[in-house]
Amino acid sequence: MDYNFLEIEPKWQKYWSEKKTFKAEIDHNKPKFYVLDMFPYPSGAGLHVGHPLGYIASDIYARYMRQRGYNVLHPMGYDAYGLPAEQYAIQTGTHPEVTTFKNIDRYREQLDRIGFSFDWDREVRTCDPKYYKWTQWTFIQLFNSWYNNDTQKAESIDLLTVEFEKNGNARINAACDQHEPFTADEWKAKNEKEQQELLMNYRLAYLSDTMVNWCPELGTVLANDEVKDGLSERGGHPVERKLMKQWSLRITAYAQRLLDGLNTIDWSDSLKEVQRNWIGRSEGATCYFNIKDHDEKLEIFTTRPDTMFGSTYMVIAPELDIVEKITTPEQKAEVKKYLEWAKNRSERERQSEVKNISGIFTGAYGINPLNGKEIPIWVADYVLAGYGSGAIMAVPAHDSRDYAFAKHFGLPIIQVVSGGDISEESYDAKEGKMMNSGFLNGMEVKDAIRATIAKIEEQGIGYGTINYRLRDAIFSRQRYWGEPFPVYYKDGVPYMLSEDKLPLLLPEVDKYLPTETGEPPLARAKNWTTEEGYPLETNTMPGFAGSSAYYLRYMDPHNDNEYFSKETNEYWKDVDLYIGGDEHAAGHLIYSRFWNKFLFDIGIACEDEPFKKLINQGKIQGRSSFVYRVNHEKYAEYLLWEYIKQIGDEKKWIRDYRDGHRKFDFYNEEVNLIIEIKSQPKLEKLESYYEEYIKSTDKKLLLLPIADIIDMDEEIMEATKKAVENTDKGVIFNHHEIRPLKPIFVSKGVKDRKLFSTPLHVDIDLVENDILNLESFVSWRPEFNDAEFILEDGKYRCGYEIEKMSKSKHNIQNPDALIEKYGADTLRLYEMFLGPLENHKPWDTKGIEGVFRFIKKLWKLYFDDEGNIALSDAEPTKEELKALHKTIKKVKDDIERFSFNTAVSSFMICVNELKDLKCNKRSVLSDFCILISSYAPHIAEELWSILGNQESITYAKFPEFKEEYVKENDYSYPVSFNGKMRFKIDLPVDMSKDDIEKAVLEAEEAQKWIAGKTPRKVIVVSNKIVNIVI
RNA sequence: GCCCAGGUGGUGGAAUUGGUAGACACGAAGGACUUAAAAUCCUUUGGCCAUUGCGGCCGUGCGGGUUCAAGUCCCGCCCUGGGUACCA
């Protein structure tokens, strides 16, 4: 019987699906284990080989844990809202749901062919009303909550209003935009609208005028993590700053908890680092500086209060209102000009520009509270309005930006921390003793920071504080294809729908574009109002809304009364293993943690952190192939240059490309060489053109007519020749190597190829081992029918480069084709064998053959030469047991430390050994079958049934490792001399160190190296190594 | 600039706690079987020198150091990839 994966694989996929083998149900007799993949956005292109990488790894882990006796939850679903389907809808009128569902079907089909052990009964789609009902529900809860900094958790807004009635806001310490104190009476005096407006400052989901990233091209705002380098992450369109009324989530309230939580979870250091940077905590002090001749104070934030004595000027961000208030009449005009200029610079301009130093003096002076010195106040756009208070005390001696600014405008620089030279650059390190700093002198920086904070607190002019870079998450999108907000407006004030009205269904619209008046597409919906006629919100939620808590919904996906039941949540708790790409490090993974913490606060979720262990699988990159097309012009130049090298000293020659005319490509003192190219004067002008030029120069003229290799009219050619011959200075140069006008491709190794050819992507299917199939190439690109190929050793060798997989690069590897050729088991094993899961690695199909050979070898262990099942019930030999148990240990260890690639090689080693031992023992092969079943489930199921089992191998017990089978009597000691391994000697494992030393020194080989000398030292490490120092 | 990860044969990678560097594969070369091809099997395969066998020297980006012993630890550099950027 041959290994026929085309038959085996669909057979077992059908079996699993029919028997619901992977259905997970609460079972209190078993420990739970939750393995989750980041659910995919179903794009139109389908899966390529990079997608399943993480899914295969998580599937192996899930299957392994089932065999270890865990109750495994391993669900899959779809992140179904997204821009591509909407863009397609705008172009074609097709409802995004139609496109999305079609893509989902295609994804499902592809996923099914790889043999994943998902519990498909739990599938969720974010665009399903039954699902987004709970996204809307959570939004209502966020709206109805505020964050209490005293208790460090979200609390009900109703309790807050009760407190306002009683005491005003005096005793409330909230994460809040409201700083003005008010009394209970003042609160009660407010009308409904005013109260609502005030409460908006407290709510965790709030509506406000916010500076947003507006993308005109996409017609929507974007979150900070959706903008890269001033361009939209999707589509790469320009993004500008704009003030708009938008829903936001007060994620900043959770900044400290999001930071602290990182210490409790098992994520990679680099990923935690990304999150820490994104949150951007900095400790420092807030301090108020008096302004000379003004009642106003200037609030500043600094992380270096210790350097306050070194502050020689202050800077305010141009956006701040206080600028106008304090500017002196003399400076008014200048400042106004500057503010105007700063305002009109777009965000992208500001970012892409080489750091220009700009700023203007306001005429006002601040007073340094520690030494009473008057220091000038400047306006400059290197200070950002959005961070801290938008104003700084500048300490040029110890901050590089202040330093550059001070140097530029000639402001004083005073060193206050010793230990660095500030003549060329600032000394930013927090090390050294204080100087020029009054009461701080002689202190270490750390102590000085503490002392300064104590001092300003004592004087009541400041306090120690913490700032975060994290911004609130803007939650409105002006799009159609997203969750509608459960919000209506009464008198311009937003109210939540009652929960029994959920889900608020996404309405039908005639077009998916904004309205003529610029309103979002939902404004096109008919009767988009409540029953009472109040208008509904026309924005929709962003992509991260639906993906922020899908892992919780998997626990109880069909529950229409609750998000998920308490029972299911308390059983499944949190995700034990989460696998996905690192592109979500700053977006999804922060939002999810925030969302989860909020649900935890309101008592819905029982765990504070959602993802205990997280692994980022690396991207699989494509390996593009290239052919090198000769650029005729450059080639001619190259040949010419080679010629020059032959005739003389090339150093005297200059290559010139000026004016883009490329008339005088090479020249020296006596001669101009001209390469005549396509773009030349009209025929009638040509003769006079050259004659004029020739007259104007004393030099000799060497003309290279390359009409025979580029399109040059014969007449023009003649005219050119004539022009040259009319003078006595002209020479016509003909190079014998110049080739006819045809496309030319040079093989990779041809000398100086880079100088005259340009690489061109070639479809990877036309290339094998970097050798191009010329016939297929020409039929792929008929326009190169008459092309000439410059070969090496009779072959055309292609170049290659590792790049992102994409259609335009012709390097897409589709898993379907590989599954047809090798089967899903081989694909699974190969993707794991490629390298460590977390590495980015190039896809290269060369290696898949080796894995396929291995699978076939494994299959053959169960059969004799005639192809009949041949299994023996005899006792396994010592060697067979050793091979098996070595592998059991290795595979178990490797899976548990997520080293999937090394487990595959230990499978290979084991099969090689069993094959050499001609092992056909049922017990050994049976255990091995279980070992490999998580990696290659189809072949394992088939062999498992051949072994006589009736049930699926899914719940077979993972074999137990027995030390006794791998124990050896002897260990082969490597013996090294001065650290260099010289020979090996077999000695009993339990031999004493003294005896080992003796035995080694007496060994015949040892004598050669000792060479009569006395060893100075002998190091014996039991069952490891012996080192002799001579 | 700053932060993080990494640098090992022709290629992907292995070496888990400082203890035999290059496991396992790919590719390449040679051979067996075959009319031939495919498939399969066997041998060799880090570099250099020696080659009649024995062998020897060098070698984990570079330069130092610690150690009986360094791919692994420490110091200083170089390079690659990623994140981030007037965040005070």
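This is a predicted model, so every value here is computed, not measured. Letters go in sequence order (proteins before strands), and every chain restarts at 1.
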For [N], give its Watson-Crick or G-U wobble partner with both distances under 3.5 Å, or none.
N      : answer
B:rG12 : B:rC24
B:rG55 : B:rC49
B:rA36 : none
B:rG76 : B:rC62
B:rU17 : none
B:rU84 : B:rG1

So if I take every side-chain heavy atom of [X] and compare against [options], which nucleotide ends up nearest?
X        : options                : value
A:Lys890 : B:rA39, B:rC86, B:rU16 : B:rU16
A:Tyr971 : B:rG83, B:rU20, B:rC68 : B:rU20
A:Asp894 : B:rC4, B:rG19, B:rU16  : B:rU16
A:Arg853 : B:rC42, B:rC24, B:rC26 : B:rC26
A:Asn277 : B:rA25, B:rC3, B:rA14  : B:rC3
A:Arg897 : B:rC26, B:rU16, B:rC57 : B:rU16
A:Arg469 : B:rC41, B:rU84, B:rC86 : B:rU84
A:Trp278 : B:rG56, B:rA88, B:rU84 : B:rU84
A:Phe833 : B:rU84, B:rA88, B:rC24 : B:rC24
A:Ser905 : B:rA88, B:rC68, B:rC24 : B:rC24

Any side-chain N or O of [X] below 4.0 angstrom from OP1/OP2 of [N]?
X         : N      : result
A:Asn912  : B:rA25 : yes
A:Ser282  : B:rA88 : yes
A:Lys1017 : B:rC68 : yes
A:Lys1024 : B:rU20 : no
A:Arg276  : B:rG83 : no

Can you tell me if [X] and [Y] form a side-chain donor-acceptor pair at under 3.5 Å?
X         : Y         : answer
A:Ser311  : A:Asn368  : no
A:Asp986  : A:Ser972  : yes
A:Thr902  : A:Ser905  : no
A:Asp825  : A:Tyr935  : no
A:Tyr468  : A:Thr252  : no
A:Asn1027 : A:Lys1017 : no

Review point. How far apart are the C-alpha atoms of A:Asp994 and A:Lys998, what are their side-chain angles, what is the distance that settles it, and do they pass the salt bridge (charged side-chain N to carboxylate O under 4.0 Å, His left out) test?
Key: CA-CA 6 Å; A:Asp994 289 346; A:Lys998 222 170 120 201; over 6 Å; no
Rounded [atom1] spacing from [N] to [M] in Å:
N      : M      : atom1 : result
B:rA23 : B:rG12 : P     : 15 Å
B:rC42 : B:rC62 : C1'   : 42 Å
B:rU8  : B:rU60 : C1'   : 4 Å
B:rC73 : B:rA5  : P     : 12 Å
B:rC26 : B:rU35 : P     : 27 Å
B:rU44 : B:rC54 : P     : 13 Å
B:rG47 : B:rG59 : C1'   : 8 Å
B:rG65 : B:rA70 : P     : 12 Å

So what does [X] hit on the nucleic acid, given a heavy-atom distance under 4.0 Å: a base, only sugar-phosphate, or nothing?
X         : value
A:Asn978  : nothing
A:Ile392  : base
A:Val1029 : sugar-phosphate
A:Gly847  : sugar-phosphate
A:Arg982  : sugar-phosphate
A:Leu834  : sugar-phosphate
A:Trp1009 : sugar-phosphate
A:Met981  : base
A:Lys272  : nothing

Check your understanding: Where does B:rG9 land, syn or anti, given syn is within 90° of 0?
Key -> syn
[X] [atom1] to [N] [atom2]: how many Å, rounded?
X         : N      : atom1 : atom2 : value
A:Asn901  : B:rA14 : CG    : P     : 5 Å
A:Lys886  : B:rA23 : NZ    : P     : 15 Å
A:Asn1023 : B:rU20 : CG    : P     : 14 Å
A:Lys980  : B:rA70 : NZ    : P     : 9 Å
A:Ile620  : B:rG12 : CD1   : C1'   : 12 Å
A:Glu913  : B:rA23 : CD    : C1'   : 12 Å

Exercise for review: Could you tell me how the ring of A:Tyr61 sits relative to the ring of A:Phe898: parallel (under 30°), tilted (30 to 60°) or perpendicular (over 60°)?
Suggested key: parallel
Check your understanding: RNA chain B: A:Gly388 or A:Ile909, which has the more 5' nearest nucleotide?
Key ->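 It is A:Ile909 whose nearest nucleotide is closer to the 5' end.
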**Study point:** Shortest non-hydrogen separation from A:Tyr387 to A:Phe301 and the atoms involved
**Key:** OH-CE2, 3.9 Å
**Study point:** Pair of N/O donor and acceptor under 3.5 Å linking B:rU40 base with A:Lys860 side chain
**Key:**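 Checked by distance alone, the answer is no.
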Check your understanding: Quick one: the side chain of A:Lys984 and the base of B:rU20, do they pair up donor-acceptor inside 3.5 Å?
Key ->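 Present.
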Review point. After noting the C-alpha distance and the side-chain angles of A:Glu997 and A:Lys993, does the key distance pass the salt bridge (charged side-chain N to carboxylate O under 4.0 Å, His left out) rule?
Key: CA-CA 6 Å; A:Glu997 182 173 336; A:Lys993 284 191 180 185; over 6 Å; no
